[in-house]
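Just so it is clear, the model here is predicted, and its values are computed rather than measured. Below, read A as the first sequence line, B as the second, and so on, with proteins coming before strands; counting in each chain starts at 1.
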Number of protein chains: 4
Amino acid sequence: MCSRPTPRPAPRTGRPRSAEADEAILEATREVLVELGWSKLTMGDVAGRAGVAKTTLYRRWANKNELVVDAVAVLFDELELPDLGSLQADIEHVVLQFAALLERPETKTALMAVVAESTRDVPLRERIRASIVERQKRLVLDGRRRAQERGELPADRDPVSVDATDDLIFDVVAGAVVHRALVSAEPVDTAWVNRLSALLVGGLGAVAALG
Amino acid sequence: MCSRPTPRPAPRTGRPRSAEADEAILEATREVLVELGWSKLTMGDVAGRAGVAKTTLYRRWANKNELVVDAVAVLFDELELPDLGSLQADIEHVVLQFAALLERPETKTALMAVVAESTRDVPLRERIRASIVERQKRLVLDGRRRAQERGELPADRDPVSVDATDDLIFDVVAGAVVHRALVSAEPVDTAWVNRLSALLVGGLGAVAALG
Amino acid sequence: MCSRPTPRPAPRTGRPRSAEADEAILEATREVLVELGWSKLTMGDVAGRAGVAKTTLYRRWANKNELVVDAVAVLFDELELPDLGSLQADIEHVVLQFAALLERPETKTALMAVVAESTRDVPLRERIRASIVERQKRLVLDGRRRAQERGELPADRDPVSVDATDDLIFDVVAGAVVHRALVSAEPVDTAWVNRLSALLVGGLGAVAALG
Amino acid sequence: MCSRPTPRPAPRTGRPRSAEADEAILEATREVLVELGWSKLTMGDVAGRAGVAKTTLYRRWANKNELVVDAVAVLFDELELPDLGSLQADIEHVVLQFAALLERPETKTALMAVVAESTRDVPLRERIRASIVERQKRLVLDGRRRAQERGELPADRDPVSVDATDDLIFDVVAGAVVHRALVSAEPVDTAWVNRLSALLVGGLGAVAALG
DNA sequence: GGCTAATCGAGACGGTACGTCAAGTCTTGCT
DNA sequence: AGCAAGACTTGACGTACCGTCTCGATTAGCC
């Protein structure tokens, strides 16, 4: 999927924007994130590496945070959910994938930073939701649906309850992995992932019983 | 509990540092966090509000992040775990407390920011662990011990396994609440807390079965 | 004559430097010198009065001293040497002009200060020589040449000797006036100027006799 | 001759001031002037080298400039005027001595600086006059008196005129040497000194004729 | 093929905050 | 009282980025 800079009201005339510049900028942004981290990333530095003028950045993104969100969002689309035959196996697979993604320096440093900024910046929060969060809920939906098809989970009764549980699982899985990796700063290894998936699979029955 | 600025090798002579200044600075820091958030907090502003010179800040804290950690850490000590008679009730109580803490503007904006910075700053990471993370694990330990006394959970067999489970629960609870509140930006209300605690209590048996 | 900020290798691209800013800065510098003197002149204050950012100053001048030299140098170009008919009259005229210049607060406070700094700062010394000292030697040369034309002084024999005498006269006149005005802090009035010019005119014969 | 710090109203009680400290401070001041020059001399540095607290400095001198004047003034007392048999020889001797003094790094950097400051600081100007300028006029007086005794100069007629001429000679000699050494930054060598003394001796007759 | 209009690189611009440094004062306990 | 030590307030320093602006020079599409 393509990250899309600030949309603009389709000018019919004048020189069109360079598509190469777009990608060069996002690539340069990821490079700088890797080397310097979010807080030392500067627009001038990104522009320089991309071989582009600062003006060209600001014509596309309103500020550093929006640029970083776009640069990082595309990485999350690599996550996928192959059918491994059981709910627990599916969970363990995606958790390990997600942990590997969080280990990448460009994600590690950028994700928490933009979320922190988003607590005070509503447009940024929306951009994060649209570009990253909502887009990845598909993993939970697919996993749950597949488990129902296998008979591991009961079929839906109350759609509201199902949505609530999907959201819960999403927050628990994403939150736990992030917390383990970035706050506790402990490895997300097989042993830990085993325990987490056991907790989830074991607990889902109790949650379903709530109705 | 007292937040402690940069320790120093006990000078016997000279004018001692002002203890009032210490507290005035931390208080001013929390004020600015509330009003402006982390990214717009400036050392000069904090100094001004505390009625103190900028150099006095830098004599005690090496940078903005260490100052903010100390200013915020003390808030986490308000969390407590009264005995409500059941594991699930205890969990729900502390989760709601934690969610309320995360709703406070000074915590919301600061916590993620310093964690983000800590991905590139080892001393900062250590300070966060020591001042905030490790200190709150007591809640998990107490809750588990109490549940064992009540017979809700089996007595310890393998101490390694017990530690691993404690850590898991801590990451899951803290991570889920943070993700819900700050990333998903949805309310941590009674319904959600019910579901989360049901998931945990229901899953703990399965985790224990892993040995 | 124009005072010229730091020369630079003629960039063909980019926004050109504002010529208005140049003059506004030098003017503001002279203002601040008058009001506050050299030691209380700050770059921030100058920038503020010139309606310019501090960075704009530093882009043009490396430090306060170079700026002050440029701001003051232009004032010395007002000195001139009208032909008053005799060597002594010419000397008295230019000495009074120079004394009047030294009485101006912007010169009085700045000149000695930058010379003092120049004892430790070779580039500054060169700038002073080029912008101020060498430029004013013309007064001595013109005066001497004119006196020779009038027959008050013998024609040149040894050019080396002539140069040495020109230099001597320059140091004596400039040094004596500065010392009288700034160190002795006594007025450079007609009586004193009479005496000085009598000393010079009377002594020049003896110096010429040295060969 | 001793440089004398701020006089004070003879305290009858309490610990008396350390006399050793006085000299250590002035000595340290000269050291720092040699190594760092006036503009980089700091009170803290001087105090440190003198093995003294900053408070002790400020108890004796009101500020940096007064301290520097006192530290440097004593050096000027080394100048003396041995009888060399002729006015011109006497002049050349003292000029060379003075030039040697101005070559010393502590004098070179400090003298112009404090004079510059004194244009805005009346008490400082008075201190300079009292400690340095007036004290050295003795050289002119002695030289003139001796030349009169030898018959090189006519005996006094009008005492006012004599004073004016003494002052003129003082400003011319001191000013010319300072200007040559610090502004023109050319050596004060025998050839130059010859020329200067010839100018003075040759010109004095013309000045005397003014009455 | 010239016109129009938005793009491009470059770099100067007004700002804001940084973290440091020195000046001169104040506070403590010791002599 | 004087003194050493060192914390204190104040205020300027010179630097680094921010996001905007002005240049002259390219590109396109449209007439």
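- Closest contact between the side chain of Arg15(C) and the listed nucleotides dA12(E), dA17(E), dC8(F) involves dA12(E).
- One interatomic measurement links the two molecules: NZ of Lys64(A) to P of dC18(F), which rounds to 6 Å at whole-angstrom precision.
- Comparing Gly14(B) and Ser18(B), the nucleotide of DNA chain F nearest to each residue sits closer to the 5' end for Gly14(B).
- Interatomic distance, Lys108(D) NZ to Arg120(C) CZ, rounded to the nearest 0.5 Å: 8.5 Å.
- Rounded to an integer number of Å, the gap from CE of Met43(D) to C1' of dC21(E) is 16 Å.
- Around the CD atom of Glu20(C), the shell of radius 6.0 Å holds no more than 12 heavy atoms that belong to other residues, nucleotides or ligands.
- Atom NZ in Lys40(A) sits roughly 11 Å away from atom P in dG19(E) (whole-Å rounding).
- In terms of position on DNA chain F, the residue among Val52(D) and Leu41(A) whose nearest nucleotide sits closer to the 5' end is Val52(D).
- Going from atom OG1 of Thr42(A) over to atom NZ of Lys64(A) covers 7.5 Å, rounded to the nearest 0.5 Å.
- Atom CD of Glu35(C) sits in a crowded spot, with more than 12 heavy atoms from other residues, nucleotides or ligands closer than 6.0 Å.
- Distance Leu67(A) CG to dG19(F) P: 11 Å, rounded to the nearest Å.
- Following rounding to the nearest Å, Ile25(C) (CD1) and dC13(E) (C1') show an atom-to-atom distance of 11 Å.
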